[in-house]
Chemist: 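Once you've had a glance at the structure underneath, I'll fire off some questions.
Counting from 1, the numbers follow the sequence of the chain as shown.
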Amino acid sequence: MWADNETEKDFLNFSGVADTVAEIIVQARGRPISIGVSGSWGIGKSSMIKLTQASLANRERKEGEKDFVFVEFNACGTHCRRSRR
């Protein structure tokens, strides 16, 4: 069985999606937005989020632009980790 570890390396060819999501976040210009990522277990949701964070971190900042804050919430918690065993 493969390890299920998120990564910032684009093994799943998600960089185009991550860059698009990053651009949507930038274009919001501080207005509140919510972006949901859904999919089956192990499909690459966490990796896509990491790639989006990296895309935002690596872009050139305009003067006065603030940092972005990512809030990660794992609704599953330890319950899901135990049930996957």
Side-chain angles (χ1 to χ4, degrees):
M1 183 171 213
W2 294 351
D4 183 33
N5 299 316
E6 65 270 1
T7 181
E8 289 181 20
K9 294 184 180 181
D10 191 10
F11 295 116
L12 301 171
N13 212 20
F14 282 169
S15 60
V17 175
D19 291 342
T20 300
V21 172
E23 187 59 31
I24 290 168
I25 293 169
V26 169
Q27 288 182 9
R29 294 190 184 107
R31 293 183 304 261
I33 61 171
S34 297
I35 298 171
V37 181
S38 63
S40 301
W41 179 82
I43 203 77
K45 299 176 298 294
S46 297
S47 294
M48 207 277 294
I49 291 169
K50 295 269 185 207
L51 288 167
T52 302
Q53 287 175 309
S55 180
L56 287 169
N58 294 332
R59 62 183 283 283
E60 287 187 34
R61 295 254 164 86
K62 295 179 182 172
E63 190 174 325
E65 204 172 64
K66 296 182 180 180
D67 289 334
F68 297 98
V69 177
F70 276 75
V71 178
E72 295 181 48
F73 175 72
N74 182 352
C76 232
T78 57
H79 167 73
C80 288
R81 278 187 229 117
R82 277 189 240 130
S83 66
R84 287 190 297 221
R85 292 183 186 164

Chemist: Using every non-hydrogen atom in the two residues, find where Val37 and Met48 come nearest and quote the distance to one decimal.
Modeler: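 Result for this residue pair: CG2-CE, 3.8 Å.
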Chemist: Given 3.5 Å as the limit, does a donor-acceptor pair link the side chain of Lys45 with the main chain of Ser38, or not?
Modeler: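 Between the backbone of Ser38 and the side chain of Lys45 there is no qualifying donor-acceptor contact (under 3.5 Å).
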Chemist: For the residue pair Ile24 and Ile33, what are the closest heavy atoms and their distance?
Modeler: O-CD1, 4.3 Å
Chemist: State whether the side chain of Thr20 and the backbone N or O of Gly16 hold a donor-acceptor pair below 3.5 Å, judged by distance alone.
Modeler: yes
Chemist: Are Thr52 and Asp19 close enough that some pair of their side-chain heavy atoms sits under 4.5 Å apart?
Modeler: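 No. Closest side-chain heavy atoms not under 4.5 Å.
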